Structure formats: structure tokens, C-alpha cells
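Every chain is numbered from 1, with letters handed out A, B, ... down the list of sequences. Predicted model, so just to flag it, every value in this text is computed and none were measured.
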There are 2 protein chains.
Amino acid sequence: MTDEPRLESARLAVSRHAARLFWEKGFDATSGDDIAAAAGISTRTVWRYFRSKEACVEPVLKVSELRFAALLKQWPKTESIDQFLARSMAAFVTDDAMVRDSIAAVRILAVLHREPALRSAWLMACHEAEVELVGVVADRASRGVDDFAVRLCAASITAAMRLVDEEISSAVINDGLRVSTEEVTARIVLAIRAGAILPICDAVA
Amino acid sequence: MTDEPRLESARLAVSRHAARLFWEKGFDATSGDDIAAAAGISTRTVWRYFRSKEACVEPVLKVSELRFAALLKQWPKTESIDQFLARSMAAFVTDDAMVRDSIAAVRILAVLHREPALRSAWLMACHEAEVELVGVVADRASRGVDDFAVRLCAASITAAMRLVDEEISSAVINDGLRVSTEEVTARIVLAIRAGAILPICDAVA
DNA sequence: GCGCTCACTGTCACTAAGTGTCATATGGGG
DNA sequence: CCCCATATGACACTTAGTGACAGTGAGCGC
């Protein structure tokens with residue numbers, strides 16, 4: 001996580017500007033030149049970093065999901081998902097950079113219904129998170145990463161997380177609701193339990 | 001299905017050409033002009049039909065998933081998923097146009113790993129299929145379409161179907177394997193049962 | 001039949017997304 | 001200090017995608 005290739009963190013930095021601009025001006029009204037100017041790099045470099053304009057937000061969307069996957073990697077086999085998240089979610093949401101990224105992501109998710117290009121970026125980000133989750137599930141279920149049941153389980157959990165994220169984001173941004181960490185945690189636990197085909201939610205060792 | 005707006009079927013016709021060209025020449029080597037020429041329409045109309053080049057294949061990818069969702073709509077409440085698919089899958093795969101679309105879709109799925117643009121089109125198509133599935137699940141579970149558990153169930157099933165489709169497509173095209181209708185049906189039943197959070201797989205009435 | 005509307009398409013000029021290529025940093029190892 | 005590798009900028013270029021308007025043809029009242 002911390003020693004990731006510096007190209008990745010450069011991409012993430014640009015991605016934050018793109019996410020902000022898409023939120024402020026809308027996707028169509030934001031050009032590659034705008035993103036480059038905001039990030040203080042040349043337009044050419046924007047297209048070296050990202051294969052398309054919508055892909056510019058993928059790192060910001062991905063990083064929240066990925067950080068959550070990284071958290072799950074620390075999930076001890078002796079604990080249930082409820083126990084683990086109850087004690088670790090509070091600490092999880094203190095990192096400042098992470099909170100800012102989460103807000104940016106939430107704002108993107110809230111406008112998904114009118115921005116198809118952003119939805120495709122979101123789905124791509126979820127797909128990468130899913131790939132990451134396969135490792136976590138395989139480890140916890142003591143199975144291989146090529147096991148179909150493992151991949152199915154990771155896909156279901158990712159789909160469940162995606163729905164929770166979309167739902168909460170829309171509620172917060174579009175309906176002005178406020179939600180507590182506990183509510184979010186409860187929602188996530190429910191989603192993971194619903195999506196888990198394999199018996200990984202309770203203590204496995 | 002049959003009396004869909006004629007704009008939709010025009011889009012589908014163009015989409016078939018796009019899918020063929022992407023398969024034959026690759027995504028990057030196929031231009032909007034190529035698609036227009038193959039479909040016998042002006043380039044301008046291509047961009048009226050589709051918001052982007054990758055979106056050109058969405059109808060072909062969507063139609064197989066959607067037809068399957070339509071099949072599930074006929075699933076009687078007195079039958080289990082195993083019973084229903086065992087007797088209806090054979091008839092399902094006889095429609096000629098459908099078989100051709102399925103082959104086109106399978107070819108797209110087989111090259112997903114090297115064509116990120118096509119993956120995003122595929123994920124978008126799956127998302128639309130998911131929306132359609134929500135109705136089926138809601139009906140069978142006797143719940144509303146806004147029920148979170150219903151949407152969760154539809155998302156899980158869609159994710160499972162997506163994995164099955166990707167897996168089988170890659171096996172058939174990349175590894176030259178041959179699979180029978182029975183094997184595919186068994187795979188799908190397994191996936192649906194795995195993804196179904198709600199008790200909809202067995203007779204509900 | 002006649003003319004009207006209206007949704008759809010083609011043409012063409014245009015903007016913006018995205019690439020190829022080369023020159024110039026930047027920065028670590030001998 | 002120089003060499004080599006990798007990252008970026010500059011700029012010309014191609015292709016994706018839009019705006020504006022004119023033409024076509026099917027439906028419909030008369």
C-alpha cells in the first residue's frame with residue numbers, strides 16, 4: 001500500500017483533480033485540458049496516465065474499495081466479520097486522505113444515474129476490487145484463487161458492497177441524509193453475509 | 001421483446017457489425033467509419049446510436065443476458081430452477097438469431113483480458129441485465145422492487161452469471177473446449193443457487 | 001390524392017479525445 | 001562526471017464525437 005509504484009500515486013493525484021472537476025462542472029463540461037491544468041501537468045501526460053476520460057476517476061473510486069480489501073486482509077481467522085469490523089471500522093475512517101477520497105467517491109456515485117460514462121468507470125473499479133478480494137476469500141476459505149466457488153464468493157461480496165456504496169452515496173448526497181459509522185458498518189456486514197457463499201463470515205480457526 | 005422500438009433493433013443490427021469487426025480486427029484497429037460502412041449507414045448515425053465506440057457492442061452483449069432474463073420471467077412459481085431450466089434450455093437455444101448473437105458475445109468475452117474498453121461495455125450490459133432481473137426476483141420473492149434484499153439478490157445472481165459467462169467463453173474460445181447445453185445449464189443453476197440470497201430457487205407456490 | 005407534420009438520416013464543418021514522435025529533463029549507478 | 005533509463009513536455013496528427021441544417025419518407029387529417 002505505502003510503497004506502491006510512484007506512478008500509481010501520481011495517477012491518484014491527477015484522479016483527485018478529475019473527480020473534483022467532474023463533480024463541480026459535470027463530466028461533459030470537463031475537458032482533458034482542464035484536468036491537466038488543474039493537476040499542473042501537460043495534457044499529453046493525462047492521456048499517458050489514463051486510457052480515456054472516464055478512466056481518470058478510476059483510481060479515486062478504486063482506492064476506497066482497495067483500502068477496504070486491505071483491511072479485510074487483516075481480518076483474523078478467529079474473528080467473525082461482525083467482531084472484526086466493529087472494532088476496526090472506527091480506526092479505519094480516521095485517515096485524512098482516505099476520508100477526502102471517500103467523499104470524492106461518494107459524490108461520483110451519487111450522480112451515476114445521469115452520467116453513464118462515470119458508471120462504467122465505477123464498474124471497472126469494482127471489478128479490480130473484486131480481483132483483489134479473491135485473494136482474501138481464498139485465504140480465509142483455505143482454497144485456491146482459481147477455485148470457482150472462491151471467485152463466485154468474491155464476486156457476490158463485491159456486488160453487495162457496490163450496492164451498499166451506491167445506496168448510501170445517493171442517500172447522503174441526493175437526499176441529504178446523515179449516516180453514522182455504525183449504520184454503515186451494519187450495512188456492510190449484512191451485505192458481506194448476504195454475498196458470502198462460502199462459510200467465511202464467522203471464525204474459521 | 002418482439003415489438004421493441006425499431007430504434008432498438010436498428011441499434012442491435014449495427015451492434016452485430018461492430019462485434020464482428022472488433023473480433024476480426026481488434027477494437028483499436030476498428031474505426032467508427034468502419035462500423036458505419038459495414039452497417040451501411042453514415043458515421044453520424046453511428047454516434048447518434050451509441051455514446052462511444054465501446055458502447056457499440058453493448059446491445060449484442062445485452063441481448064443474450066436480457067433474453068435469459070425474459071426466459072426467467074416465465075419461470076412458474078411451482079417449479080424449482082433446476083426443473084425449469086432442464087425443460088426450457090433446449091428450446092431456448094434453437095432461435096437462430098440468438099445463437100449468432102451468443103457466438104458474437106462469447107467472442108467478445110474471450111478477449112476481455114486484453115481489451116479494457118470491451119470489458120467496460122460488458123459490465124454496463126450486465127448492469128442493465130441486473131436491473132431487469134430485479135423485477136423477476138421481486139415477483140418470485142413476493143417483495144417490492146425497492147426492497148434492498150431483492151436488489152442484493154439480483155446483483156448476486158447477475159455477478160454469478162457474469163462469471164459463468166466469462167469462464168465458459170474463455171474455455172471455448174481460448175482453450176478450444178467444447179461444452180454441452182447440459183453442462184452450461186448445470187453451471188447456471190449452480191451460479192443462480194449460489195447467488196440467490198432469497199429463497200427463490202425452489203417452488204414458492 | 002394532397003399536403004402537413006414529425007421522427008429519422010445524411011452532409012459537412014467543427015470540437016475534443018487520444019496517439020506518434022522527438023527533444024529535453026531527472027535521477028540513480030559506475 | 002557521464003551514461004543510461006525512465007518520465008515528461010511540445011506539437012503535429014488521427015479519430016471519436018457534436019452541432020446545425022437540409023432532405024427523405026412514413027403516418028395522418030382532410
Begin with the C-alpha distance, continue with both residues' side-chain angles, and end with the deciding distance and a verdict on side chain to side chain contact (heavy atoms under 4.5 Å, CB included) for Val57(A) and Phe27(A).
CA-CA 10 Å; Val57(A) 281; Phe27(A) 180 78; over 6 Å; no
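For the side chain to side chain contact (heavy atoms under 4.5 Å, CB included) test, residues two or more places apart in sequence or in another chain that qualify with Asp34(B) are Leu21(B), Lys25(B), Thr30(B), Ser31(B). By the side chain to side chain contact (heavy atoms under 4.5 Å, CB included) test, Arg48(A) pairs with Arg44(A), Thr45(A), sequence neighbours left out. Listed by chain and number, the residues in a side chain to side chain contact (heavy atoms under 4.5 Å, CB included) with Ser88(A) are Leu71(A), Phe84(A), Leu85(A) (sequence neighbours excluded).
Between the P atom of dA17(C) and the CD1 atom of Ile35(A) lies a distance of 8 Å, rounded to the nearest Å. Atom CZ of Arg51(B) is separated from atom C1' of dA17(C) by 16 Å (rounded to the nearest Å). For the pair Phe50(B) CZ and dT9(C) P, the computed distance is 11 Å after rounding to whole Å. Between Trp47(B) atom CH2 and dC12(C) atom C1' there is a gap of 17 Å when expressed in whole angstrom units. Look at CG on Asp28(A): it is 12 Å from C1' on dA17(C), rounded to the nearest Å. As rounded to whole Å, 13 Å separates atom P of dT15(C) from atom CG of Asp33(A). For Asp34(A) and dA16(C), the CG to C1' distance is 11 Å, given to the nearest whole Å. Summarising the geometry, the separation between CD on Glu54(B) and C1' on dG18(C) is reported as 12 Å, rounded to the nearest angstrom.
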All N/O pairs under 3.5 Å across the protein-nucleotides 8-11 of chain D interface:
{"residue": "dT8(D)", "atom": "OP1", "partner": "Tyr49(A)", "partner atom": "OH", "Å": "2.7"}
{"residue": "dT8(D)", "atom": "OP2", "partner": "Tyr49(A)", "partner atom": "OH", "Å": "3.4"}
{"residue": "dG9(D)", "atom": "OP1", "partner": "Ser42(A)", "partner atom": "N", "Å": "3.4"}
{"residue": "dG9(D)", "atom": "OP2", "partner": "Ser42(A)", "partner atom": "N", "Å": "3.0"}
{"residue": "dG9(D)", "atom": "OP2", "partner": "Ser42(A)", "partner atom": "OG", "Å": "2.7"}
{"residue": "dG9(D)", "atom": "OP2", "partner": "Thr45(A)", "partner atom": "OG1", "Å": "2.4"}
{"residue": "dG9(D)", "atom": "N7", "partner": "Arg48(A)", "partner atom": "NH2", "Å": "2.6"}

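For residues 170-188 of chain A, the set of pairs meeting the salt bridge (Lys or Arg N to Asp or Glu O under 4.0 Å) definition, not counting sequence neighbours, comprises Glu167(A)-Arg187(A).
Shown here is Arg100(A), whose CZ atom has no more than 12 heavy atoms of other residues, nucleotides or ligands within 6.0 Å.
Electrostatic pairing of Asp101(B) and Arg67(B) counts as a salt bridge here, judged by a charged N lying under 4.0 Å from a carboxylate O. A salt bridge links Arg87(B) to Glu79(B): one of the charged nitrogens lies within less than 4.0 Å of a carboxylate oxygen. Salt-bridge check for Arg107(A) with Glu24(A): failed, with every basic side-chain N at 4.0 Å or more from each acidic carboxylate O.
Heavy-atom distances under 4.0 Å link DNA chain C to no residue of residues 16-27 of chain B.
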